[in-house]
K.L.:
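Pasting a structure here, questions to come.
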Protein chains: 2
Amino acid sequence: MKLSQGVEWGVHCAVALAQTAPGVSVSRRTLAERYALSEAYLAKHLKAMVSAGLLYAMTGPNGGFRLTRPPEQITVLDVVEAVEGGGPQFVCQEIRQRGTAALSPEHCLERCGVAIAMDEAKEAWRSSLSATTIADLVARLPAAARGRLGT
Amino acid sequence: MKLSQGVEWGVHCAVALAQTAPGVSVSRRTLAERYALSEAYLAKHLKAMVSAGLLYAMTGPNGGFRLTRPPEQITVLDVVEAVEGGGPQFVCQEIRQRGTAALSPEHCLERCGVAIAMDEAKEAWRSSLSATTIADLVARLPAAARGRLGT
DNA sequence: GCACATCTACTCGGATAGAGAATGTCCGAGTCTCTGGGG
DNA sequence: CCCCAGAGACTCGGACATTCTCTATCCGAGTAGATGTGC
């Protein structure tokens, strides 16, 4: 149960983009320098966020990335699932139906209790991440850290 | 955010061990055949559970594994963290202190908002997993599936 | 019949390969802007 | 003075290495029980 490092990058970049004027794009180079990240690798994560519909990408001079929605409408969960891929966390292999004491399928109409517990936990995790939006994170920044993204 | 496959194995094995008479050990071979798992690989996870203090291992004939505590006192979270290693899910790299608009350390006495959101989410996940014990999972099994672990 | 030494068979544990994903990097395709010339 | 064509520079996107974790496997160390022998 480990979270990819790119998640941190993605959320911070979303926070940075939320502090720009509407309609202004920020290049990945500026974002990378803002946090001293590898520009080439950051590109990978930004692309994932574009594919997920969180960012809009524009090429050419004065191009770059900008949010597709107001930061109040983007949750941390959105970013995490965009970067991580959002696939299922736990894949139940139904091992209860295998082996010497395998259960017959009619006994398995209900889902495996293990899978239920795992899914409930993941749902609690997702729910917690949904409770925080990018706008919330901006509001929690120290005053000295707001609006510091160089033009 | 993916969960190791061995977690499923570990939980199911714990459920199986919970259905044995107290003081009786079950060999890893029996457990592997019970669910048609790879015996050699299962050994790795069982060993992890022994190191975590969930299982007690005994060698020699009629040896094997048994639970160190009653199943009511073993939560799913215990098993998950035993198998997965329980390390931190999200490692904040404090990238807010790096780059062109780095924050000075005195602005970072409070934790990074991103890390806080991640930790809260993980705590919600852990709390959900703690709510279910191995005994609960045994109780939820179909009647036909209980006590079917061959001696 | 009983006690003891030995021996066997069974158990777990650590060390060792292979596959897949995450990480990190590079170069090419596309497009907006700026510049220079002509009308 | 205005318009247009071209060049240039800047941007993102996809294809290519490298490292690390998870998966999978094997063989050796140790121990409890069974066995055979002597008293």
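Predicted model only: the values in this text are computed from it and were never measured. Numbers restart at 1 for each chain; the letters A, B, ... are given by sequence-line order, proteins then strands.
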K.L.:
For A:R69, look at atom CZ and say whether over 12 heavy atoms of other residues, nucleotides or ligands are found less than 6.0 Å away.
P.N.:
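Enclosed: over 12 neighbouring heavy atoms sit under 6.0 Å from CZ of A:R69.
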K.L.:
Starting at OH of A:Y41 and ending at P of D:dA17, how long is that distance when rounded to a whole Å?
P.N.:
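Rounded to whole Å, this separation is 18 Å.
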K.L.:
Listing time: all N or O pairs from protein to nucleotides 30-34 of chain D that are below 3.5 Å?
P.N.:
{"from": "D:dG30", "atom 1": "N2", "to": "B:T59", "atom 2": "OG1", "distance (Å)": "3.3"}

K.L.:
Separation of B:R29 atom CZ from C:dA9 atom C1', in whole Å?
P.N.:
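Distance check: B:R29 CZ to C:dA9 C1' gives 12 Å.
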K.L.:
Contact class for A:A40 vs. all strands (heavy atom < 4.0 Å): base, sugar-phosphate, or nothing?
P.N.:
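Base: the residue A:A40, judged by heavy atoms under 4.0 Å, touches a nucleobase.
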K.L.:
So if you build clusters from Ile, Leu, Val, Met, Phe, Trp, Tyr with side-chain heavy-atom gaps below 4.5 Å, do A:V50 and A:L17 land together?
P.N.:
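Yes, one cluster joins them.
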K.L.:
Which listed nucleotide (D:dT23, C:dG24, C:dG13) is nearest to the side chain of A:Q5?
P.N.:
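Shortest atom-to-atom distance from the side chain points to C:dG24.
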K.L.:
Taking NE2 from A:H45 and P from D:dG14, how many angstroms apart are they, rounded to a whole number?
P.N.:
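Taking NE2 of A:H45 and P of D:dG14, I get 15 Å after rounding.
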K.L.:
Apply salt bridge (charged side-chain N to carboxylate O under 4.0 Å, His left out) to B:R96 and B:E94, showing your working.
P.N.:
CA-CA 5 Å; B:R96 60 182 177 166; B:E94 286 290 337; 2.8 Å; yes
K.L.:
Given atom CG of B:L55 and atom P of C:dC12, what is their separation to the nearest angstrom?
P.N.:
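Spelled out: CG on B:L55 to P on C:dC12 is 11 Å.
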K.L.:
Would you please confirm or rule out a distance under 4.0 Å between OP1 or OP2 of D:dT11 and any side-chain N or O of A:S27?
P.N.:
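Yes.
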K.L.:
Judged by modelled atom types alone, do A:S27 and A:T30 share a side-chain donor-acceptor pair under 3.5 Å?
P.N.:
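A:T30 and A:S27 do have a side-chain donor-acceptor pair below 3.5 Å.
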K.L.:
In terms of the nearest nucleotide of DNA chain D, which residue is placed more toward the 5' end: A:V50 or B:W9?
P.N.:
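Here A:V50 is the residue nearer the 5' end.
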K.L.:
Identify whether any heavy atom of A:K44 sits under 4.0 Å from a base atom; if not, whether one sits that close to sugar-phosphate; answer base, sugar-phosphate or nothing.
P.N.:
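Since a base atom lies under 4.0 Å of A:K44, the category is base.
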K.L.:
Could you check how far CG of B:L42 sits from P of C:dG13, rounded to whole Å?
P.N.:
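Computing the B:L42:CG to C:dG13:P distance gives 12 Å.
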K.L.:
Separation of B:L37 atom CG from D:dT23 atom C1', in whole Å?
P.N.:
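In whole Å, D:dT23 C1' lies 13 Å from B:L37 CG.
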K.L.:
Under a 4.5 Å cut-off applied to non-hydrogen side-chain atoms, are B:I116 and A:T132 in contact?
P.N.:
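Of all side-chain heavy-atom pairs linking A:T132 with B:I116, none is under 4.5 Å.
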K.L.:
Pick from A:C108, A:C112, A:S104: which one makes a side-chain contact (heavy atoms from CB on, under 4.5 Å) with A:Q97?
P.N.:
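Among A:C108, A:C112, A:S104, the one meeting side-chain contact (heavy atoms from CB on, under 4.5 Å) with A:Q97 is A:C108.
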K.L.:
To the nearest Å, how far apart are B:E39 CD and C:dT11 C1'?
P.N.:
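Between C1' of C:dT11 and CD of B:E39: 10 Å.
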K.L.:
For B:K2 and C:dT23, give me the distance from atom NZ to atom P, rounded to whole Å.
P.N.:
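Rounded to whole Å, this separation is 12 Å.
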K.L.:
Decide yes or no on salt bridge (charged side-chain N to carboxylate O under 4.0 Å, His left out) for B:E81 and B:R126, but give the supporting numbers first.
P.N.:
CA-CA 9 Å; B:E81 293 197 330; B:R126 285 168 42 90; 2.3 Å; yes
K.L.:
Looking at every strand, decide which applies to B:R28 at a 4.0 Å heavy-atom threshold: base, sugar-phosphate, or nothing.
P.N.:
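If one applies the 4.0 Å heavy-atom cut-off, B:R28 turns out to touch a base.
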K.L.:
Establish, with yes or no, whether the OP1 or OP2 oxygen of D:dC12 is under 4.0 angstrom from a side-chain nitrogen or oxygen of A:K47.
P.N.:
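False: A:K47 side-chain N/O out of range (4.0 Å or more) of D:dC12 OP1/OP2.
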